[in-house]
Protein chains: 2
Amino acid sequence: MSEPKSRLFNDQGELVIPKAVVGRLSLYLREVQHLIRDGKETTNSTELGKLLGVTDAQVRKDLAHFGQFGHPGVGYRCQELVDAIKNIMGTNTTWNVALIGIGNLGRALLRYKGFHEQGFQIVAAFDVDDDVIGFKVEGVDVYHIQDLAEVVKAQSIRLAAISVPSHAAQAVVDLVVEVGIEGILNFAPVTINVPSQVRVIGVDLAMELEQLAFTVVNRDSKS
Amino acid sequence: MSEPKSRLFNDQGELVIPKAVVGRLSLYLREVQHLIRDGKETTNSTELGKLLGVTDAQVRKDLAHFGQFGHPGVGYRCQELVDAIKNIMGTNTTWNVALIGIGNLGRALLRYKGFHEQGFQIVAAFDVDDDVIGFKVEGVDVYHIQDLAEVVKAQSIRLAAISVPSHAAQAVVDLVVEVGIEGILNFAPVTINVPSQVRVIGVDLAMELEQLAFTVVNRDSKS
DNA sequence: CATCTCTTGTTATTAGTTTTACAGGGAAAT
DNA sequence: ATTTCCCTGTAAAACTAATAACAAGAGATG
């Protein structure tokens, strides 16, 4: 009388999807959405593999982690795949996002249309500069950061993107954590400290260029 | 009469630094630079480990990949470490970078000061919009993209950051490759195709948010 | 100078990831 | 209905990375 076997949960009821797979999930989603836009109804592991630059076996193994919806002899139905991945990623429903820091990058993020298409909506922006507070930027209200708690609650905001100067980052993060934000996308090029229940992803643009420089300098390396 | 053993090169004379290590190298660099700014002269694997969120053993193993400059009983001298990492990364000298696409994000990138501090300088910008061509944005000349070859050559540009709309990305990439650019930082949320000798790093901001959403939704997962 | 403490570099072990190989399900064709 | 072909899911093998454990180097201390 054992439980039905699941690829998704282990004995402790914890979701078990390898880190490496999660990183590729978004990539699969993006490519399959493009395929749909191009009018394709089904795809297969070989095609997806070529698009992502991984082997076909890798694709099958990755996708098998969250159920069996491949169709032998046919492949994967694109829409089915998109729905499944969105479910796993949690983007089958829209996330409200707060943006903190209306500098160059902050403004660019507000104007960026790509977020909405993937299920994210910047619903409020925050700063400490009186020149922007009270105005709308790209249709989004800009509040003083002291109003964060109130707005976050009223709008059910769970994620925050932080684009403030490095020296202000940790203080802002502390505030953001205090008001109950669950995930932070940090654009400041510093490591920030958060309690363990809060998730952080850092995007450091200079670091990306550095990685690029490395791969160029060591072009024929095995790394 | 065998060659002296090297941690850097294998039998074929290829540089062997594991992918995973390269990804952390930039992180080490960033943290050690912060330590120097805070007036510290030496650090050690335990301290670095805490700053990066990895074990001390991991730090030692990573750094050991590119020589032996740790000092037993003392640790690592910060400046020595920074110089060594910059050498490996290729950022001991400044890289000239071209920016293609002067939209929201492009402008934000032009204004971003962090690149220069890490050894990157955007020396020329390109677009197809007559409203910006011929002007300077943030002190950087904006050229028509048809002048790319000429400017790239004149300014010894080896890297390009691409912040054009998705639908234009591949065409721009083809052009950029044709004029001999060696590395591309792609901000368009599409996979681009390049010949094998050209290196690409993609930055997809919606995808980063997606990854964040996943970690929030599956907060207590093992992945 | 011997000893103690700190901290590295490295080896051995364990864990995680990718690749390879193939059995079998399902559609299409004859 | 049988055969053929395609394509998945998965087990096993190969590879890569992370962790743990420790011998030995270097400064500090008495």
Side-chain angles (χ1 to χ4, degrees), chain A residues 4-8 10-12 14-25 27-28 32 35 40-78 80-81 84-85 221-223, chain B residues 4-8 10-12 14-25 27-28 32 35 40-78 80-81 84-85 221-223:
Chain A
K5 185 188 162 196
S6 164
R7 250 165 305 278
L8 283 177
N10 69 5
D11 309 333
Q12 282 83 49
E14 294 164 319
L15 187 70
V16 181
I17 296 188
K19 272 190 228 313
V21 177
V22 178
R24 281 188 296 266
L25 235 36
L27 245 16
Y28 289 124
V32 179
L35 288 175
K40 294 205 72 169
E41 300 212 331
T42 67
T43 180
N44 58 57
S45 55
T46 308
E47 181 176 46
L48 277 175
K50 286 215 180 91
L51 288 170
L52 291 242
V54 301
T55 64
D56 56 336
Q58 178 89 81
V59 174
R60 290 198 297 279
K61 211 171 187 213
D62 284 351
L63 298 183
H65 274 105
F66 46 106
Q68 291 182 222
F69 44 78
H71 303 275
V74 177
Y76 300 92
R77 303 211 212 289
C78 293
E80 232 171 78
L81 195 46
I85 299 179
S221 99
K222 276 275 158 35
S223 47
Chain B
K5 185 188 162 195
S6 165
R7 250 165 306 275
L8 285 177
N10 70 4
D11 308 332
Q12 283 84 51
E14 293 164 320
L15 188 69
V16 182
I17 296 189
K19 271 192 231 311
V21 176
V22 178
R24 282 189 297 267
L25 235 37
L27 244 17
Y28 290 123
V32 179
L35 289 176
K40 295 205 71 169
E41 298 212 332
T42 67
T43 181
N44 59 57
S45 57
T46 308
E47 181 175 45
L48 278 175
K50 285 212 180 92
L51 288 170
L52 289 247
V54 301
T55 63
D56 56 337
Q58 178 87 81
V59 174
R60 291 198 295 281
K61 213 172 184 219
D62 284 352
L63 298 184
H65 274 105
F66 46 104
Q68 289 182 222
F69 43 78
H71 303 277
V74 178
Y76 299 92
R77 304 209 212 288
C78 294
E80 233 171 77
L81 195 46
I85 299 178
S221 98
K222 276 278 162 33
S223 47

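All values below come from the heavy atoms of this structure, side chains included, with hydrogens, waters and symmetry mates left out. Note on naming: letters A, B, ... go to the chains in the order of the sequence lines (proteins, then strands), and numbering restarts at 1 for each one.
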So which heavy atom on A:Cys78 is nearest to which on A:Val32, and how close? O-CG1, 3.5 Å
Which part of the nucleic acid does A:Val74 contact within heavy-atom distance under 4.0 Å: base, sugar-phosphate only, or nothing? sugar-phosphate
May I ask you to say what A:Ala20 touches in the nucleic acid, namely base, sugar-phosphate or nothing, with a heavy-atom cut-off under 4.0 Å? sugar-phosphate
Find the distance [X]:[atom1] to [N]:[atom2] and express it as a whole number of Å.
X	N	atom1	atom2	result
A:Leu48	D:dT8	CG	C1'	13 Å
A:Ile17	C:dT17	CD1	P	12 Å
B:Arg77	C:dC6	CZ	P	18 Å
B:Arg24	D:dT16	CZ	C1'	12 Å
A:Leu63	C:dT18	CG	P	13 Å
B:Lys19	D:dA18	NZ	P	12 Å
A:Phe69	D:dC7	CZ	P	17 Å
A:Asp56	D:dC6	CG	P	14 Å

Considering only [options], which nucleotide approaches the side chain of [X] most closely?
X	options	result
B:Lys61	D:dA18, C:dG9, D:dA11	D:dA18
B:Ala57	C:dT18, C:dA21, D:dA21	D:dA21
B:Pro72	D:dG25, C:dG24, D:dA21	D:dG25

Is the phosphate of [N] approached by [X] (side-chain N or O, under 4.0 Å from OP1 or OP2)?
X	N	answer
A:Ser45	D:dT8	yes
A:Arg60	C:dT20	no
A:Gln58	C:dT20	no
B:Thr55	D:dA18	no
B:Tyr76	C:dG9	yes
B:Gln68	C:dT10	yes

Evaluation steps, side chain to side chain contact (heavy atoms under 4.5 Å, CB included), between A:Leu81 and A:Leu48: CA-CA 12 Å; A:Leu81 195 46; A:Leu48 277 175; 4.0 Å; yes
Verdict with reasoning, B:Leu35 to B:Glu47, per side chain to side chain contact (heavy atoms under 4.5 Å, CB included): CA-CA 10 Å; B:Leu35 289 176; B:Glu47 181 175 45; 4.1 Å; yes
Let me spell it out: for each of B:Gly70 and A:Asp62, pick the nucleotide of DNA chain C with the closest heavy atom. Which residue's pick is nearer the 5' end? B:Gly70
Rounded to the nearest 0.5 angstrom, the NE2-CZ distance for A:His65 and A:Arg24 is 9.0 Å
Go through the steps for A:Leu25 and A:Phe66 under the test side chain to side chain contact (heavy atoms under 4.5 Å, CB included), then give the verdict. CA-CA 11 Å; A:Leu25 235 36; A:Phe66 46 106; 3.4 Å; yes
